[in-house]
Amino acid sequence: MRKTRFLRTFAASAAALSLAACSGGAGTGETTAAPETTTAAPATEEAKTEAPTAEAETTEAEAGPVVYDAKGSGYGGELNLKVTIEGNVITELELGDHHETNVVMDRAFPIIRERILEANSPVVDSVSAATFSSYAVKAAVADAMTQAGLEVESITMATAGPEKEAKTLDDVTADIVVVGGGPSGLAAAITAKQLKEDANIILIEKMDILSGNGKFDMNFYDLINSEAQKAAGNEKWTVNQVENFIEAKSTAGDTMERVEVWAEQENVLDAWLRDMGVELNDNYGAMNHMAEKDQYAGEVIQAGMEQCAAELGIDIRTGTKGVDLIMENGRCVGVNVENNNNESYAIKAQNTIIATGGFCSSKELLAEYAPGYEVLNTSNQMGTTGDFVKVFEDNGFKMEQMDNVRVFPNIIVPRRDLTGGADLSLLVNKEGQRFISESAGGLNLGTAIQAQTDGAVFSITDQTGYDSFYRIRKHVGLGYYSQGETLAELAKALGIDPAGLEQTVADFNAAASAGEEDELLEAAASRPLDAEGPYYGVRIEAANHMTKGGVSCNEKAQVLYEDGTPVDGLYASGEVTWQSGGYSQSVCFGRVAGEQAAETLK
């Protein structure tokens, strides 16, 4: 069993691929979704150029490479890049200090580096799911070329490589094809390959980087029988844990057959992850897990699964989108795909697994299936566009719970990181007034926030709240929150009316101290806000986090027709299906799909 901490291993591998790409990186940002929001960086800003600042000056007569210090503006701010140019040729890119999200940049930089070196130009396609980070790197290369006296076109967010001629390629064959490289798809491909070592398994992912939204998640929840739970003496989930899990989830909405399989999978999931070197060592109550007390679960799990998939020799094709199922006489025999090279082809397979995620990023599908939710932004990654929703419907497959959307109450504006979780926080508007219960959620919370002045709402907590939850401590440390030793000082930093905030807190504290019913909470406030600072605050909004509905599957992860009969050769798992849970359930039924697909191979 490998004991490597997988986030560090993954980052080291990425750095090796990019020739010390992260050697000077200071990027420790965390976000819940790939940073693809138009509010985070100027969408049409041209690459800025400065006077030459090469580390070593040269003349045209001199030979040899010159290293230029260059800068670009990314999702998190300034990005520094060392660009080596020899004559008219870009020979190396080395990433320096930056403030991009590491779980994105570790995956994206080797790709954008390779594209630029191959083209000898920053005029290349951005890495999908890392658009702002790609823009920063391309702009920095343009900066270096300008310093070197080379001609280069202005770089904008829309800059792309030359259009590629459309081509139709020959069909490809596989034993199993997995569509989607997020948590569920990776789990499916790995499990199938572990069961059938000689199986030809192809995994396609439409984004240029893997792991979907899972790589951003703090919490891996619903896990039972874990080593961390055993160490913590968490007996409810380590003794009779399967029975307890089934009882806890019996009313969640899944069929009892699926709940029973789910429980059995959760019971062995920690051991399966540890076998690939992934350790979740912090059990913070019930079934919640982080990698460590100061390390998110998702970044470790996803890096571990990506490395395991590579070591198993799974054929992974990023930048490749599934566009339609290939159905013959009621049986699924593969999928038609298109890739970033504008090439189309068919992957014919004995079994097909769909794990493409939900449709949080499609305003059109939200408006059609969950009217009202389309007005909210999303905390999910940009690939959640419901690509197979219409394909499923056109083939007469059963769809369930399509209007069921989970709204996360607090994401940071404009970064979109999930935040909150303090034992006490107050939601106030620019006038410093509370306007809704802090326990409110769903669409009502989202629209109430939008109705405030400038749509601006702030989450306020104190030192006790800061101490109560790691996510807030992390975000404060990263500089996402404003701080103040007094409420007035915090209000000034956030652009809130100081007098209004002070009066709101005074009224709240009076009710809390007296144990009286709070006007908005409609229950006794848990405690007053600390009488003394420091205080912490950040602008937030509520956002669509997951679409819960999708195609219906049985306990074997088989896709079902409208009449409840299974579709031969077709499986689905994760957010593309109807499931009551989330991250770990997606991994569990990815494993089920992989097991079933492998065991039914002819």
Side-chain angles (χ1 to χ4, degrees), residues 31-40 129 180 182 184 212-214 216-217 219 221 252-254 354-393 397-420 427 429 435-452 454-457 459 539-552 572 574-583 585-586:
T31 179
T32 188
E36 297 295 328
T37 173
T38 56
T39 61
S184 199
N213 218 42
F216 303 107
D217 280 6
N219 184 13
Y221 52 93
D254 300 271
I354 306 297
T356 50
F359 55 94
C360 269
S361 298
S362 171
K363 297 287 190 182
E364 294 77 13
L365 291 179
L366 286 168
E368 179 177 353
Y369 296 103
Y373 287 93
E374 73 275 6
V375 305
L376 303 184
N377 289 323
T378 181
S379 60
N380 215 314
Q381 54 100 11
M382 66 177 292
T384 52
T385 50
D387 300 340
F388 276 81
V389 168
K390 295 302 180 182
V391 174
F392 293 152
E393 288 186 342
F397 302 158
K398 184 178 180 180
M399 308 296 286
E400 291 187 85
Q401 300 278 340
M402 293 297 285
D403 61 347
N404 190 335
V405 180
R406 182 193 172 193
V407 173
F408 197 88
N410 301 306
I411 71 167
I412 295 175
V413 177
R415 289 196 56 89
R416 300 195 298 147
D417 306 66
L418 303 185
T419 194
L427 294 182
N429 55 25
F435 59 95
I436 196 170
S437 167
E438 280 78 6
S439 62
L443 185 59
N444 289 339
L445 174 63
T447 55
I449 289 173
Q450 292 179 343
Q452 303 309 301
D454 298 330
V457 167
S459 178
R539 182 174 173 180
I540 61 95
E541 64 179 330
N544 297 323
H545 187 54
M546 295 175 65
T547 49
K548 304 295 291 178
V551 70
S552 181
E575 199 179 335
V576 75
T577 70
W578 151 240
Q579 60 178 30
S580 64
Y583 189 3
Q585 189 180 18
S586 294

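Distance check: Q579 CD to M546 CE gives 6.0 Å after rounding to the nearest 0.5 Å. The line from CD1 of I540 to CG of L418 is 12.0 Å long, rounded to the nearest 0.5 Å. Remark: D387 CG to F392 CZ distance equals 10.0 Å, nearest 0.5 Å. One distance of note links CD of Q401 with OG1 of T577; it measures 11.5 Å at 0.5 Å rounding.
Side-chain N or O atoms of K548 include one that pairs as donor or acceptor with a backbone N or O of G581 at under 3.5 Å. Remark: the backbone N or O of Q381 is paired with a side-chain donor or acceptor of N213 at under 3.5 angstrom. For K363 (side chain) and Y373 (main-chain N/O), no donor-acceptor pair under 3.5 Å exists by modelled atom type. Although no hydrogens or angles enter the test, the distance criterion places no donor-acceptor pair under 3.5 Å between the side chain of Q450 and the main chain of A448. Panel note: side chain E438, backbone L427; a donor-acceptor pair is recorded below 3.5 Å. Within the 3.5 Å criterion, the main-chain N or O of H545 finds a donor-acceptor partner in the side chain of N380.
In this structure, the side chains of V389 and Y369 come closer than 4.5 Å at one or more pairs of heavy atoms. No side-chain heavy atom of N377 sits under 4.5 Å from any side-chain heavy atom of R416. Side-chain atoms of T547 and T384, non-hydrogen and from C-beta on, never get closer than 4.5 Å to each other. Side-chain contact check for I449 versus F435: some heavy-atom pair is nearer than 4.5 Å. Side chains of I411 and T419 form no contact here, defined as non-hydrogen atoms less than 4.5 Å apart.
Applying the side-chain contact (heavy atoms from CB on, under 4.5 Å) test to A355 and every residue at least two apart in sequence or in another chain returns S184, S573. In this structure E368 satisfies the salt bridge (charged side-chain N to carboxylate O under 4.0 Å, His left out) test together with K390, sequence neighbours excluded. Under the rule for a side-chain contact (heavy atoms from CB on, under 4.5 Å), the partners of S580 that lie at least two apart in sequence or sit in another chain are A252, D254, W262, W578, Q585.
When every heavy atom of A129 is checked against every heavy atom of M382, the shortest pair comes out as N-SD, 3.5 Å. Considering all non-hydrogen atoms of both residues, S361 and T378 come closest at OG-CG2, 3.9 Å. The two residues T385 and L365 make their nearest non-hydrogen contact at O-CD1, 3.5 Å. When all heavy atoms are compared, the tightest approach of P409 to L445 is CB-CD2, 3.5 Å. Nearest heavy-atom pair, A543 versus S379, reported as atom, atom and distance to 0.1 Å: CB-N, 3.9 Å. Nearest heavy atoms, G372 versus V375: O-CG2, 3.1 Å.
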message = Test side chain to side chain contact (heavy atoms under 4.5 Å, CB included) on V551 and F388; report intermediate values, then the result.
response = CA-CA 9 Å; V551 70; F388 276 81; over 6 Å; no

request  = Decide side chain to side chain contact (heavy atoms under 4.5 Å, CB included) for E541 and L376; before the verdict, give the C-alpha distance in whole Å, the side-chain angles of both, and the deciding distance to 0.1 Å.
outcome  = CA-CA 9 Å; E541 64 179 330; L376 303 184; over 6 Å; no

